[in-house]
Amino acid sequence: MENKAIAKAFKLCSQLMELFNENPFRTKAMAAASFKIDKLPFPAVNATLEQLSEQPGIGKSTADKVLSLIHTGSFAELDALISKTPTGVMEMLSIKGLGPKKIQIIWNDLGIETVGELLYACNENRLVEAKGFGLKTQEEIRKAIEFANAAQGLFLYAKAEKAATPFMQLLTTAFPDGIHAFTGEFRRKCEIISSIDILTTAPVAEVAALLADDETYTLFEQFDASLQFTDAYAIKYQLLFTSTNDFATELLLTTGNEAHLQQLKEIQDPLPNGNTETEIYQALGLAYIEPELREGLEEINWAKDNKLPKLITFSDLKGTLHNHSTYSDGVHTLAQMANYCKDELGLEYLGICDHSKTAVYANGLSIERVAEQWKEIDLLNEKLAPFKIFKGIESDILSDGSLDYPDDVLRQFDFVVASVHSNLRMDEEKATQRLIKAIENPYTTILGHPTGRLLLSRAGYPLDFKKVIDACAQNGVIIEVNANPLRLDLDWRWQQYALEQGVLLSVNPDAHRTEGLLDMQYGIYAARKGGLSAPRCLNAFSKVEIEAYFTKRKDEVR
DNA sequence: GCCGTTTTCGGCCCGACTGTTTTCAGTCG
């Protein structure tokens, strides 16, 4: 069991305790334990009772519960709470804007026990009658439920990948002579996946038998040339069966989205045959188009004119910007983050960007603590040279669009990532103006996660993307492609426009622990969909190049 | 439930924002 899962169980426990009006201090202690476990720098599974209860915020009682969770999957108090809560009420806890207190009223006063009923009550204007509820709250809840409903059956790419990899392993082991390939939206590296599609030459009856033998998977539909099934996470899989001869054609026909295939058919219908996708594209007079680009946008025109971008890869990255450490809310120390970048990833530099002072919840840095961090960076830079840590900050963009420190502090950073963390509910006009003001600040180097969205969980604030991107172009501000699989923000659909305006992008992991740096792979996938090539990516610059870039930018301000 | 002693009890306690109130409670990052 991973720390994240343990932390989730404690979070649920604290929420249910609050729902049942248990002692608020115990409730808070439970929430604090959840937070603490999530931030442990080691897997709790490997820890002893003593090691756990040594941690501040975790006492003997909590440590016992952690061990019980690891060994039995739960603990007594949690079980008791769950058993007296209707499933629908627990589902309400995951809806944004709904907490235990509001749910209490919904459940006890209005007698609503399912999310479906709750939506119905919103539509019937029945929530406004309840104490502490009004029209706006009702509307927010209605929107949040509709957002959650729309996310049903959809999965983040990263989660789908975690499931897809072992299944592909199973398939290739069982049918070593067959050809198997991912196709569809999974192959296109879409940020959200509705089904994992696999093209295979394995015999359909034998695959069906294999699935029947494996209790991880539940077969729910079988045709002559396709199978559909789900796994333990309820992720949908679609297997498509073909022959070795037709494999390349089928792969091409199942990978591209409808618009892409439609445009191909406008060149020639039916499509020419070929032994590889490259041959088929060639027969159409086109260069090979990478799967990520097959979205029916400009890729076919580019392929006609031989103007396809050489898409960036993970190995093009020379460094990483926008990362956190234990100075704010990260799990690993500055030295651990730096060593991981240097030794495990072979990078030339690390940009550290802890939270700024307004982000109190994330232990944001006071001016004094910024100075402390700079001292440690200087020491580490001597020790780790030629590897370099750049002094950055993730400065909150305050409600009025200003940054979080006075200018004389801001000018001392090597670079500044400016991002919004508070006051997320704004209309388009306000949100756009707020960002533009931050972009026009001469000390802003990179605009961080521009929309604040959390995929499948929270919509970003609405933006006039063109205005924001144009402002970045005018002010020489780089736009982040936040590589966290929940964000992938700037969305790839806007990256091409940004590149056309001359804006550089930066694939930033926003890592809060060493392993988080690996998220850059997801950012790379998104950036490839956006058509990014290495020369247009800030952290594909070498250390020498990026040093020169930062220096030049700072000189321009003076 | 955790912590730290004035050492086995008593205090603990983000702040901004929003929407609901008519002075505050709930939620979030």
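Here the structure is a predicted model, which means the values were calculated and not measured. The sequence lines fix the lettering, A, B, ..., with proteins before strands; numbering per chain opens at 1.
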| request: Using a heavy-atom cut-off of under 4.0 Å over every strand shown, decide if A:Lys131 touches base, sugar-phosphate, or nothing. | output: nothing
| With respect to the side chain of A:Lys102, which nucleotide from B:dG1, B:dT18, B:dG26 is positioned closest? | B:dG26
| query | Expressed in whole Å, how much space separates the C1' atoms belonging to B:dT7 and B:dC2? | reply | 15 Å
| task | To the nearest Å, give me how far apart CE (A:Met17) and C1' (B:dG1) are. | result | 8 Å
| note | For residues 39-60 of chain A, the salt bridge (charged side-chain N to carboxylate O under 4.0 Å, His left out) pairs (sequence neighbours left out) are A:Lys60-A:Asp64
| task | Identify whether NZ of Lys or CZ of Arg in A:Lys466 sits under 6.0 Å from the centre of the six-membered ring of A:Tyr497 and within 45° of that ring's axis. | result | yes
| said: On DNA chain B, does the nearest nucleotide to A:Ile58 precede the nearest nucleotide to A:Gln104 from the 5' side, or the other way round? Give the residue. | reply: A:Ile58
| Could A:Lys84 and A:Phe20 be counted as a cation-pi pair, given that NZ or CZ must be under 6.0 Å from the ring centre and within 45° of the axis? | yes
| Mind checking what makes ring-ring contact (aromatic ring centres under 6.0 Å, His included) contact with A:Tyr340, not counting sequence neighbours? | none
| field | Among B:dC28, B:dG1, B:dT27, the one nearest A:Glu77 by side-chain distance | value | B:dG1
Can you give me the N/O atom pairs linking the protein to nucleotides 8-12 of chain B at distances under 3.5 Å, or say none if there are none?
none

| task | Determine which nucleotide pairs with B:dC28, using a 3.5 Å limit on both distances of a Watson-Crick or G-U wobble pair. | result | B:dG15
| task | Measure the acute angle between the ring planes of A:Phe413 and A:Tyr405, then classify it against the limits of 30° and 60° as parallel, tilted or perpendicular. | result | tilted
| request: With P as the reference atom in both, quote the distance from B:dT23 to B:dC28 in angstrom, rounded to an integer. | output: 26 Å
| A:Glu140 CD to B:dG19 C1', straight-line distance once rounded to whole Å | 10 Å
| Given atom NZ of A:Lys11 and atom P of B:dT27, what is their separation to the nearest angstrom? | 11 Å
| request: Examine the side chains of A:Glu161 and A:Tyr522 and answer whether a donor and an acceptor come within less than 3.5 Å of each other. | output: yes
| note | Rounded to whole Å, the NZ-P distance (A:Lys28 to B:dC2) equals 16 Å
| task | State yes or no: are the ring centers of A:His421 and A:His355 separated by less than 6.0 Å? | result | yes
| request: Rounded off to whole Å, could you give me the CZ-to-C1' distance for the A:Phe35 and B:dG1 pair? | output: 18 Å
| task | Assign A:Gln55 to base, sugar-phosphate, or nothing according to its heavy-atom contacts below 4.0 angstrom with the strands shown. | result | sugar-phosphate
| request: Would you mind reporting whether A:Ile192 and A:Leu456 have side-chain heavy atoms less than 4.5 Å apart? | output: yes
| task | Using the C1' atom as the reference point in each nucleotide, state the distance between B:dC13 and B:dG26 in Å, no decimals. | result | 16 Å
| query | Taking the C1' atom of each, how far is B:dC12 from B:dC17, in whole Å? | reply | 25 Å
| Which residue lies more 5' along DNA chain B, comparing A:Tyr361 with A:Gly134 via nearest heavy atoms | A:Gly134
| request: Mark yes when over 12 heavy atoms from residues, nucleotides or ligands other than A:Glu2 sit less than 6.0 Å from its CD; otherwise mark no. | output: no
| query | Expressed in whole Å, how much space separates the P atoms belonging to B:dC14 and B:dG10? | reply | 22 Å
| Between B:dC9 and B:dG15 - C1' atom distance, rounded Å | 30 Å
| request: Starting at atom CE of A:Met426, determine the distance to atom C1' of B:dT18, rounded to an integer number of angstrom. | output: 14 Å
| So what does A:Ser399 hit on the nucleic acid, given a heavy-atom distance under 4.0 Å: a base, only sugar-phosphate, or nothing? | sugar-phosphate
| request: Using a cut-off of strictly less than 4.0 Å, decide whether A:Thr137 has a side-chain nitrogen or oxygen near OP1 or OP2 of B:dT20. | output: yes
| said: Mind checking if A:Pro24 touches a base, just sugar-phosphate, or nothing, with heavy atoms under 4.0 Å? | reply: nothing
| task | Could you give the distance separating B:dT21 and B:dT27 at their P atoms, to the nearest angstrom? | result | 15 Å
| task | Using the P atoms only, state how far B:dG1 lies from B:dT5, rounded to an integer number of Å. | result | 22 Å
| remark: Ranking B:dC2, B:dT27, B:dC3 by distance to the side chain of A:Pro56, first place goes to B:dC3
| query | Whole Å only: how far is the NZ atom of A:Lys357 from the P atom of B:dC14? | reply | 20 Å
| field | Euclidean distance, atom CD1 of residue A:Ile105 to atom C1' of B:dG19 [Å, nearest integer] | value | 13 Å
| query | Looking at B:dG1, B:dG19, B:dG26, which one has an atom nearest to any side-chain atom of A:Lys101? | reply | B:dG26
